[in-house]
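Counting begins at 1 with the first residue of the sequence. Here the structure is a predicted model, which means the values were calculated and not measured. These values consider heavy atoms only, across backbone and side chains, with no hydrogens, waters or symmetry-generated copies. First listed ligand is number 1; within each ligand, the first listed atom is number 1.
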Amino acid sequence: MTERLLVLGIETSCDETGVALIRASATPGLPPGLGGQAEVLAQALHSQVSLHAAYGGVVPELASRNHIQRLAPLSEQVMQEAGVPWRDLDAVAYTAGPGLAGALLVGASLGQGLAHAIGRPAIGIHHLEGHLLSPLLDPDASGLRFPFLALLVSGGHTQIMQVEGLGQYQMLGETIDDAAGEAFDKSAQLLGLGYPGGPEIARWSAQGDAQRFELPRPLLKRPTLDFSFAGLKTAVLTQVQKLKTAGQLNDQARADMAAAVQAAIVEVLVTKCRKALQDTGLKQIVVAGGVGANQLLRKQFNALQETDQIEVLFAPPHLCTDNGVMIAWAAALHLLAGRPPAMDSGFTVRPRWPLSTLSLKTS
Ligand code: KG4
Ligand code: ZN
């Protein structure tokens, strides 16, 4: 009989409280670690965006307090919507790191407490592994095989990984300063476009001319697969100051600058991934993390499928940003593969946790 697992996933690493219940099952014939599919029975997401908007970024203490208020009711809501009693769960998964220490502890406390109460395993999941594996939720991903490449682009991370197997992630390149999402967020803040900056920059770009302002593409021509986005932010700051001094920071200038920022970030990300594919000879890449929701990025990667005969897989846009589904799914894939998850006991969270060390057992 096909194994079916009911897994509750809890995500509280930053400014979203995400909870989801999935039913995962093994797909015969696929390699361990890839051989699963999932049905989302219920999910809930509470965004703290309005709470932090006034500060232009996430305030850690406010984030933790809000998770405390929201997490238990959201979890109950999800179980009720799915009509599943707590004791039927096979495992409770929570984000164990990286992220904000206080926020992580809220999810870890509830996850561990719940799991103990029903006598099921509590599984601490690496947040970036959750992102990385989320494109595999798409039935189109059934042709994916190890090894493949992964671009992880979130608010705090920009990494190109070679995925050798489930839990085996080798870093090929990463940002040496700001993350891509951070570059979106900081540029939006400089332009006065609101937080989080990625969706705002994308929205304003639609009315903008990306050619009007010239922005740098750091490390683009260098052989390295590392990224650097701090110089871009400085260039935006300089241009914005010039516009302000000239009394020309109007909506058109904002839209044009937003389009230039988006074009610069996307070009750097796509060019480096193209190089990584060429260097490794791999033909498949998954793109994951909040910035993966960006439409221009998706368009340029899709164009690469034709020109470079490669395959690109994305998570659905609503699962690119933080959510509980990806945490439940990552845990389910580990369970279905019969592999012990990296953190399955204790009450530890790891605010800093390199994904490339995941195969090293931690407790
Ligand atoms: O993965 P995520 O939800 O949280 C972290 O783990 O950091 O990513 C959030 C980041 C933010 O920097 C946000 O501005 C960016 O993803 N983002 C976008 C878009 N949607 C979210 N960036 C560009 N275009 C988008 N449509
Ligand atoms: Zn994230």
Checklist outcome for this item: Of all protein heavy atoms, the one nearest atom 22 (N) of ligand 1 is Gly198 CA, 3.2 Å
Checklist entry - Does Phe213 belong to the same Ile/Leu/Val/Met/Phe/Trp/Tyr cluster as Ile265, with side-chain heavy atoms less than 4.5 Å apart forming each link? => result yes
Item to check | Numbering as shown, the atoms of ligand 1 that approach Thr321 to under 4.0 Å (heavy-atom distance) | outcome: 3 (O), 21 (C)
Item to check | For ligand 1, the portion of Asn294 having any non-hydrogen atom under 4.0 Å away | outcome: both
Checklist outcome for this item: Counting only protein N, O or S atoms and ignoring waters, those under 2.8 Å from the Zn ion (ligand 2) are His127 NE2, His131 NE2, Asp322 OD1
Checklist outcome for this item: The atoms of ligand 1 lying under 4.0 Å from a heavy atom of Gly156, numbered in the order shown, are 7 (O)
Next on the checklist: Looking only at distances, can you tell me whether any N or O atom of Pro196, backbone or side chain, sits closer than 3.5 Å to an N or O atom of ligand 1?
Outcome noted: no
Next on the checklist: At under 4.0 Å between heavy atoms, is it the side chain or the backbone of Glu16 that contacts ligand 1, or both, or neither?
Outcome noted: neither
Item to check | Heavy-atom closest contact (Gly155 atom, Ala179 atom, distance) | outcome: O-CB, 3.6 Å
Item to check | Same cluster (ILVMFWY, side-chain, under 4.5 Å), Val286 and Val270 | outcome: no
Checklist outcome for this item: For Phe184, the atoms of ligand 1 under 4.0 Å from one of its heavy atoms are 22 (N), 23 (C)
Item to check | More than 12 heavy atoms from other groups under 6.0 Å of CZ on Arg212 | outcome: yes
Item to check | Interatomic spacing from CD1 in Ile125 to CD in Glu11 - rounded to 0.5 Å | outcome: 11.5 Å
Checklist entry - At what distance is the nearest protein heavy atom to atom 2 (P) of ligand 1, and which residue and atom is it? => result Asp322 OD1, 3.3 Å
Checklist entry - side chain to side chain contact (heavy atoms under 4.5 Å, CB included) between Gln48 and Thr17: does it pass, once the steps are laid out? => result CA-CA 8 Å; Gln48 301 180 355; Thr17 316; 4.1 Å; yes
Next on the checklist: Out of all atoms in ligand 1, which are within 4.0 Å of some heavy atom of Gly181? Include the element for each.
Outcome noted: 12 (O)
Next on the checklist: Does the residue His127 have a heavy-atom contact with ligand 1, meaning some pair of atoms that are separated by less than 4.0 Å?
Outcome noted: yes
Next on the checklist: What protein heavy atom lies closest to atom 10 (C) of ligand 1? Include the residue and the distance to one decimal.
Outcome noted: Gly155 N, 3.5 Å
Checklist entry - Between Arg254 and Asp251, is there a salt bridge with N-O shorter than 4.0 Å? => result yes
Next on the checklist: Give me the atom names and distance for the closest heavy-atom approach of Leu215 to Ala264.
Outcome noted: CB-CB, 4.4 Å
Checklist outcome for this item: Residue, atom and distance of the protein heavy atom nearest atom 17 (N) of ligand 1 read Gly290 O, 3.5 Å
Item to check | Full working for side chain to side chain contact (heavy atoms under 4.5 Å, CB included) between Leu152 and Thr158 | outcome: CA-CA 5 Å; Leu152 283 173; Thr158 303; over 6 Å; no
Checklist entry - Does Cys14 reach ligand 1, in the sense of a heavy atom lying below 4.0 Å from it? => result no
Checklist entry - Looking at atom 11 (C) of ligand 1, what's its closest protein heavy atom, distance included? => result Asp185 OD2, 3.6 Å
Checklist entry - Got a donor-acceptor contact below 3.5 angstrom from the Arg298 side chain to the Gly292 backbone? => result yes
